[in-house]
Amino acid sequence: MYERSEDKISESKIDKTTDKEKEFFGKRIVNFLKKCYNRCKNFITKIRKITNKMEMIGDLLEDEDIIDAVKRIKRYGVNGVKLLLPQKLNAKIIFGFEDPYYTGKVLGWTAALIPIYGDHINITPDFEKRILKGELKIKGRIRRYKILYLLWKVYKDKDELIKQKDRAIRMIGGS
């Protein structure tokens with residue numbers, strides 16, 4: 001017969017909170033679905049942009065004028081390096097640093113010379129102690145007129161190369 005007032009209050013609170021929780025839970029689901037939709041939409045637009053850029057780059061790689069310009073730039077660079085490198089080089093070097101990390105780094109940079117000079121370079125790293133010994137013989141010439149001739153050719157070709165560069169940037173969609 002007698003009910004406690006505490007029981008009535010707690011039952012009414014439970015009913016109210018369940019309604020609020022249901023409403024809150026529904027909003028959370030809707031917000032979650034909205035976030036998923038927006039993320040998918042953003043992901044798809046990014047993929048579209050990437051594929052469009054790839055198509056433009058593919059068109060760029062098929063363009064004969066641009067390919068010709070890139071080949072000329074490469075030829076100018078190779079000729080410039082050939083003019084500056086020594087013609088003959090003989091080296092027997094033993095080197096090392098206290099830290100093997102730096103020894104490995106220097107060995108990597110000097111190993112790039114091996115394809116150019118082949119058997120004429122003997123590089124020996126010492127990873128345990130600090131040392132620098134060796135002998136180095138370099139023979140070659142840097143002729144000013146050859147460098148000036150190469151620079152003149154690049155200067156004459158400059159306008160055409162700049163046109164191709166600007167055209168390539170327009171094709172890709174740059175500014």
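The shown structure was predicted, so the numbers you read here are calculated from the model rather than taken from an experiment. Nothing fancy with the numbering, it's 1 onward along the sequence.
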- Considering all heavy atoms of both residues, which atom of Leu89 and which atom of His120 are nearest to each other, and what is their separation? O-CB, 2.9 Å

- Message: Assigning hydrophobic clusters by single linkage (Ile, Leu, Val, Met, Phe, Trp, Tyr; side-chain heavy-atom cutoff under 4.5 Å), is Trp109 placed with Ile123?
- Response: no

- Task: Starting at CD1 of Ile47, measure out to CG of Asn42 and round the result to the nearest 0.5 Å.
- Result: 11.5 Å

- Query: Are Ile147 and Leu84 side-chain neighbours, meaning at least one heavy-atom pair lies under 4.5 Å?
  - Reply: yes

- Message: Quick check: do Arg167 and Asp65 have side-chain heavy atoms less than 4.5 Å from each other?
- Response: yes

- Message: Membership question, hydrophobic clusters at under 4.5 Å side-chain separation (ILVMFWY): are Val106 and Ile131 in the same one?
- Response: no

- Item | salt bridge (charged side-chain N to carboxylate O under 4.0 Å, His left out) contacts in which one or both residues fall within residues 138-163, not counting sequence neighbours | Arg72-Asp157

- Is it true that Leu107 and Tyr101 fall in one hydrophobic cluster, defined by side-chain heavy atoms closer than 4.5 Å? yes

- Query: In Å and rounded to the nearest 0.5 Å, what is the OG1 to CE distance from Thr51 to Met56?
  - Reply: 9.5 Å

- Query: Atom CG of Leu132 and atom CD1 of Ile93: how far apart are they, to the nearest 0.5 Å?
  - Reply: 7.5 Å

- Would one find more than 12 heavy atoms of other residues, nucleotides or ligands at under 6.0 Å from atom CG of Asp119? no

- CG (Asn79) and OH (Tyr149) are apart, to the nearest 0.5 Å, by 10.0 Å

- Can you tell me how far the OG1 atom of Thr124 sits from the NZ atom of Lys92, to the nearest 0.5 Å? 10.5 Å

- Min side-chain heavy-atom separation Asp126-Phe97 under 4.5 Å: no

- Message: Is any side-chain heavy atom of Phe32 closer than 4.5 Å to one of Arg28?
- Response: no

- Message: Just so I know, are the side chains of Leu150 and Tyr76 near enough to count as touching, which here means a heavy-atom distance under 4.5 Å?
- Response: yes

- Task: Answer yes or no: is there a side-chain heavy-atom contact under 4.5 Å between Ile73 and Leu161?
- Result: yes

- Message: Could you see if Tyr145 belongs to whatever hydrophobic cluster contains Leu85? Use Ile, Leu, Val, Met, Phe, Trp, Tyr and a side-chain cutoff under 4.5 Å.
- Response: no

- Phe127 backbone acceptor or donor facing Thr103 side chain under 3.5 Å: no

- Message: Apply the hydrophobic cluster definition, ILVMFWY joined by side-chain contacts under 4.5 Å directly or through others, and give me every member besides Trp152.
- Response: Tyr155

- Does some side-chain heavy atom of Ile67 sit less than 4.5 Å from a side-chain heavy atom of Lys71? yes

- Item | Test item: Ile142 and Leu83 side chains (from C-beta on) under 4.5 Å apart, heavy atoms | no

